[in-house]
Structures are given as C-alpha cells and as structure tokens.
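Note sheet for the following structure.
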Amino acid sequence: MKKLNVRFERDKKAKDIDILIKASEEDEQVKALVESLSNSETDTLTLLDANNCASIVAEKDIVFISADNKQIAVTTTNGIFRAKQSLQSIEKLLSRDFLRVSRFEIVNLKMISKYDFSIGGTLRIEFKNGMETWASRRYIPQIRERLSGEEGYLC
C-alpha cells in the first residue's frame with residue numbers, strides 16, 4: 001500500500017472542493033480512493049414515513065422538498081415523507097444536486113426532465129416522474145445563473 005500525503009490549500013475563489021490525486025499509475029488503491037471520494041450516493045436524510053417511523057432516504061431518491069403550513073414534505077421516488085427540520089436546515093445538508101426554486105421548495109436537479117422558460121417570465125419545471133412545479137419569479141435569475149454554470153442542465 002502506498003503512503004497518502006494529504007494537504008489543504010486555501011483558494012478564496014473556489015466554490016467547490018477540488019480534489020486532485022497524483023500517482024505514478026491508476027492502480028487498485030487509486031481507483032478505490034477515487035470511488036470513495038466521489039461516491040455521493042451515501043448521502044442520506046432521516047425522515048418520517050406515513051406511520052411516523054424514522055426512515056433513511058438517499059438523496060438520489062428525492063424528487064423535491066416543499067414546505068406547506070410549517071410542514072416539510074419530502075417527495076421521493078418511493079413516496080412522500082415528512083421532515084422535522086426546517087426547509088432552510090435541510091437545504092444546508094443537501095448536495096449541489098439540489099436547488100431552491102422558491103421560498104417553499106427545493107428541487108433535485110437530477111430528477112428534472114424539462115425546464116420551460118417560455119411562459120412570460122416564469123419557469124415551469126417538469127420532473128421525470130411526471131410531476132411539475134413552478135419557480136418563483138424572484139428566484140429565476142439565480143436559477144438561470146446556476147443552471148448555465150452546470151454542464152448539461154440548461155440548453
């Protein structure tokens with residue numbers, strides 16, 4: 001097994017964490033390290049199911065999260081769950097695959113099938129499961145900026 005040298009470099013311009021692995025070859029140790037560092041599917045949230053039982057839900061299964069009358073509903077590919085945390089605190093836990101589209105809603109960018117900016121200054125978002133939502137007009141500039149910077153999200 002090769003020795004690992006880990007160091008931190010401050011870059012005030014960086015928005016994300018950039019990890020570079022330097023090695024003489026891409027052997028099994030390097031592949032395992034890359035896999036463990038890039039595996040974002042392990043990100044989970046603990047939510048309440050319909051019976052108020054705690055359930056662990058993977059981020060990749062979340063379609064969108066919405067707040068209605070101080071109740072947080074997490075719509076997933078496996079049903080709807082509730083969260084005890086606030087929308088703001090959940091947003092801090094989520095990866096960059098999620099984007100706030102209104103005061104009351106956060107969407108999973110990987111679950112979106114279509115963006116429709118054609119309806120007079122509004123944005124309709126269609127999900128892969130057939131559901132849809134509308135973005136708040138005041139969030140549209142931030143949404144456009146974020147999506148234009150993400151490869152493959154906005155045409």
Side-chain angles (χ1 to χ4, degrees), residues 6 8-21 31-155:
V6 180
F8 169 75
E9 287 182 14
R10 183 179 309 266
D11 183 354
K12 292 184 179 186
K13 296 176 188 172
K15 292 181 181 178
D16 294 322
I17 297 171
D18 186 26
I19 298 173
L20 173 65
I21 299 172
K31 287 178 184 177
L33 183 59
V34 169
E35 177 66 27
S36 69
L37 289 170
S38 62
N39 188 0
S40 63
E41 292 184 15
T42 59
D43 295 330
T44 61
L45 292 177
T46 302
L47 304 170
L48 299 174
D49 64 15
N51 299 321
N52 274 345
C53 294
S55 297
I56 296 177
V57 176
E59 265 191 13
K60 67 180 182 63
D61 295 332
I62 297 172
V63 179
F64 64 90
I65 304 167
S66 58
D68 184 26
N69 201 18
K70 295 190 179 186
Q71 296 290 317
I72 306 298
V74 181
T75 303
T76 71
T77 55
N78 301 316
I80 299 174
F81 295 83
R82 286 186 317 107
K84 287 187 174 184
Q85 307 98 311
S86 68
L87 195 61
Q88 186 176 13
S89 63
I90 291 174
E91 183 178 27
K92 290 177 184 177
L93 299 173
L94 298 170
S95 69
R96 285 195 41 85
D97 292 336
F98 290 83
L99 176 65
R100 186 179 283 259
V101 296
S102 73
R103 272 181 55 203
F104 305 107
E105 202 159 42
I106 300 169
V107 299
N108 184 345
L109 295 173
K110 292 188 174 185
M111 290 291 188
I112 296 174
S113 64
K114 183 179 178 184
Y115 300 97
D116 187 358
F117 284 97
S118 66
I119 308 169
T122 61
L123 169 59
R124 184 176 71 84
I125 299 169
E126 187 176 310
F127 297 99
K128 292 176 182 176
N129 67 359
M131 297 177 82
E132 69 178 30
T133 191
W134 293 84
S136 170
R137 284 180 188 236
R138 85 174 198 179
Y139 280 82
I140 290 178
Q142 296 101 303
I143 294 168
R144 280 187 185 270
E145 181 180 330
R146 169 81 185 278
L147 295 179
S148 65
E150 301 283 335
E151 188 173 320
Y153 283 125
L154 191 60
C155 299

Beyond-backbone contact of Arg82 with Val74, side-chain heavy atoms, under 4.5 angstrom: no
Please walk me through it: do Met111 and Asp97 pass side-chain contact (heavy atoms from CB on, under 4.5 Å)? CA-CA 9 Å; Met111 290 291 188; Asp97 292 336; over 6 Å; no
Under a 4.5 Å cut-off applied to non-hydrogen side-chain atoms, are Asp43 and Leu93 in contact? no
Taking all heavy atoms of Arg138 and all of Gln142, pick out the closest pair and write down the distance. O-OE1, 3.0 Å
Answer yes or no: is there a side-chain heavy-atom contact under 4.5 Å between Ile106 and Val101? no
Under a 4.5 Å cut-off applied to non-hydrogen side-chain atoms, are Leu48 and Lys84 in contact? yes
At their closest point, which heavy atom of Met131 faces which heavy atom of Thr75, and how far apart are they? SD-CG2, 4.0 Å
Roughly how far, to the nearest 0.5 Å, is the NZ atom of Lys70 from the OG atom of Ser86? 11.5 Å
Measure the shortest side-chain to side-chain distance between Asn129 and Thr77 over non-hydrogen atoms and say whether it is less than 4.5 angstrom. no
Does any N or O in the side chain of Lys110 come within less than 3.5 Å of the main-chain N or O of Val63, such that one atom is a donor and the other an acceptor? no
Would Arg100 and Glu91 pass as an ion pair if we require N to O under 4.0 Å? yes
Taking all heavy atoms of Glu59 and all of Asn108, pick out the closest pair and write down the distance. O-ND2, 3.5 Å
For the OG atom of Ser136 and the CD1 atom of Ile143, what is their distance to the nearest 0.5 Å? 8.0 Å
Evaluate side-chain contact (heavy atoms from CB on, under 4.5 Å) for Lys114 paired with Glu132, printing each intermediate quantity in order. CA-CA 9 Å; Lys114 183 179 178 184; Glu132 69 178 30; over 6 Å; no
Within 6.0 Å of CG in Asp18, more than 12 heavy atoms from elsewhere: no
Yes or no on side-chain contact (heavy atoms from CB on, under 4.5 Å) for Thr122 and Trp134, after CA distance, side-chain angles and deciding distance? CA-CA 8 Å; Thr122 61; Trp134 293 84; 3.6 Å; yes
Spatial distance of atom CD1 (Ile125) from atom OG1 (Thr133) [nearest 0.5 Å]: 6.0 Å
Just verifying a value: how many Å separate Cys53 SG and Leu47 CG, rounded to the nearest 0.5 Å? 13.0 Å
May I ask you to test the Tyr139-Leu123 pair for a side-chain heavy-atom distance under 4.5 Å? no
Find out whether Leu45 and Phe81 are in side-chain contact, i.e. whether some heavy atom of one side chain is under 4.5 Å from a heavy atom of the other. no
Please report the interatomic distance CZ(Phe98) to CD1(Ile90), rounded to the nearest 0.5 Å. 10.5 Å
Indicate yes or no: at least one non-hydrogen side-chain atom of Val57 is less than 4.5 angstrom from one of Thr44. no
Under 3.5 Å: donor-acceptor pair, side chain of Ser89, backbone of Gln85: no
Which pair of heavy atoms, one from Arg146 and one from Leu99, lies closest together, and at what distance? NH1-CD1, 3.6 Å
Could you list the residues that satisfy side-chain hydrogen bond (donor to acceptor under 3.5 Å, both in side chains) with Thr76, not counting sequence neighbours? none
Using only atom types and a distance under 3.5 Å, with no angle test, would you say the side chain of Asn69 pairs donor to acceptor with the backbone of Gln71? no
Please say whether the positively charged group of Arg124, taken as NZ for Lys or CZ for Arg, lies over the ring of Tyr115, i.e. under 6.0 angstrom from the six-membered ring centre and within 45 degrees of the axis. no
Does atom CD1 (Ile56) have a neighbourhood of more than 12 heavy atoms from anything else shown, all under 6.0 Å? no
To the nearest 0.5 angstrom, please state how far the NZ atom of Lys128 sits from the OG atom of Ser113. 8.0 Å
For residues Ala135 and Ile140, report the shortest heavy-atom separation together with the two atoms involved. CB-CG1, 4.5 Å
